[in-house]
Amino acid sequence: MNATGGWDRLEPKLAATRNRVSALESDPSRRNSFVAYTVERDSAYADLDGERLLMMSGYSYLGLAGDERVVAAAKAAVDLYGTGNHGVRALAGTIPLHEELEAEVASFARREQALVFGSGYAANVGTIGGIVGPGDTVLIDKYDHASIVDGCRLSGATVTRFRHNDVEHLERRLKAADPRGVRLVVVDSVYSMDGDIAPLPELRAVCDAHNALLMVDEAHALGVIGEAGGGIEEHFGHRHRVDIKLGTLSKAIPSMGGWIAGSADLIGHLKYAARPFLFSAALAPAQAAAALESLRILRREPERVTHIQTQAQRLRTALNQAGIRTMASETAVIPVIAGSDDAAYDYATACRKAGVIGLPVVTPAVPNDLARLRIAVTARHTPADIDFAAEAFLTAARQTGLI
Ligand SMILES: Cc1ncc(COP(=O)(O)O)c(C=O)c1O
């Protein structure tokens, strides 16, 4: 390595990463990160190194990845508009498809207007930074997604974290917060590693009592909770409203991009104040068209949502009855708790041998001794797939001493 020009200062960081990664990657049975899977277009199976395995850790909740209608919409957009928009939305980058997609998102989210970003990450960073800054306070759940954390850091606002789903703790934090400036509370609707749901009624009440805005990230809620997949407000019977709703187009919706929905005033402000929207290229035509078509399919086919909910419950019940812990999960995401990081890796390997892919999530992404496989049920999983998965998870659990 060149020892001049500052490389010598950087070298310890590079070495630390090399050491950490080689320890993980030298043992093929433990190699779970950056593994290339080929997921079949019309099933929940994937090819991994020539082996056909049932994918139980995907994110395409609605099972629309590879759906021929979505693919056709993306192809038609490429034919019409080409592959990129060659600019930011404020200048040459806007095409009619963006406006159609934003109208569809706004209507889906039951808000006046919406804005789409290049990713969910950019939507969080841009929205938080466009709403709070120095002199304001933003309060976030300890388990909030990294893009929320990064948006808070970049905003320059005072950032306060409260214990996961602990509304009393949030209230104490709000009481102690600077009374001046904007107060913004940001939570995930569904937590991506735990599959539990934010307590919206209690959060709304505390935010109202302390004059705070409430923003939710619906990344794992869209298409998953609520009778028709409408997200957290629908899950709680539309009795409580959030102030700002945000989500991605990269999970249940098989595309890329992020969105924010709210009042015309709020969206008008964010168009100019959200820096990742203003200073980053517009969503590519194929991505916008795929997202638009998927949202339309979700409206027409709510049975996909029902399927996810009933099959996830079946799997959870089978696991719990056998003594496997799944924390407070009540959605498509089911954490199968293994304990130590080593236990999670061993369990993942045993699951693979039993025919299913369950990807481990270890520290520091999750607390000590709560390493797990992050399982997710999708509309692609047939009831027979769920039976097979339950059997495989239990067989592997017995082999590794988990139960
Ligand atoms: C809760 C949550 N918010 C935001 C994001 C970022 O979304 P994207 O991948 O579209 O940038 C993710 C992605 O994992 C997420 O889980």
* **NZ/NE/NH1/NH2 to OD/OE distance under 4.0 Å, Lys245 and Glu233** => yes
* Does Tyr61 offer a backbone N or O that forms a donor-acceptor pair with the side chain of Lys251 under 3.5 Å? -> no
* Run the salt-bridge test on Arg372 and Asp194 with the 4.0 Å N-O cut-off and return the result as yes or no. => yes
* Asked: Does NZ or CZ of Arg173 come closer than 6.0 Å to the centre of the six-membered ring of Phe162, within 45° of the ring's axis?
  -> no
* For the atom pair CD (Gln311) and OG1 (Thr306), what is the distance rounded to the nearest 0.5 Å? -> 11.0 Å
* Asked: If you count the non-hydrogen atoms of other residues, nucleotides and ligands that lie under 6.0 Å from CZ in Arg299, is the total more than 12?
  -> yes
* Asked: Between Ile197 and Ser189, does a side-chain contact (heavy atoms from CB on, under 4.5 Å) hold up when you go through it step by step?
  -> CA-CA 6 Å; Ile197 299 175; Ser189 295; 5.9 Å; no
* To do: Flag the pair Glu102 and Lys271 as a salt bridge only when some basic side-chain nitrogen lies within less than 4.0 angstrom of an acidic carboxylate oxygen.
  => no
* Asked: From Ser329 OG over to Ile334 CD1, what is the distance, rounded to the nearest 0.5 angstrom?
  -> 5.0 Å
* To do: Check the surroundings of atom CZ in Arg69: do more than 12 heavy atoms from other residues, nucleotides or ligands lie under 6.0 Å from it?
  => yes
* Quick one: side-chain hydrogen bond (donor to acceptor under 3.5 Å, both in side chains) partners of Thr94, sequence neighbours excluded? -> Arg89
* To do: State whether Tyr45 and Arg380 meet the cation-pi test: NZ (Lys) or CZ (Arg) under 6.0 Å from the six-membered ring centroid, and within 45° of the perpendicular axis.
  => no
* Are Tyr191 and His145 an aromatic pair by the rule of ring centers under 6.0 Å? -> no
* Asked: Is Arg204 salt-bridged to Asp243, going by a charged N under 4.0 Å from an acidic O?
  -> yes
* Approximate separation, where rounding is to 0.5 Å, of Ile148 CD1 and Tyr143 OH -> 15.0 Å
* Between Ser147 and Asn124, do the side chains contain an N or O donor and an N or O acceptor separated by less than 3.5 Å? -> yes
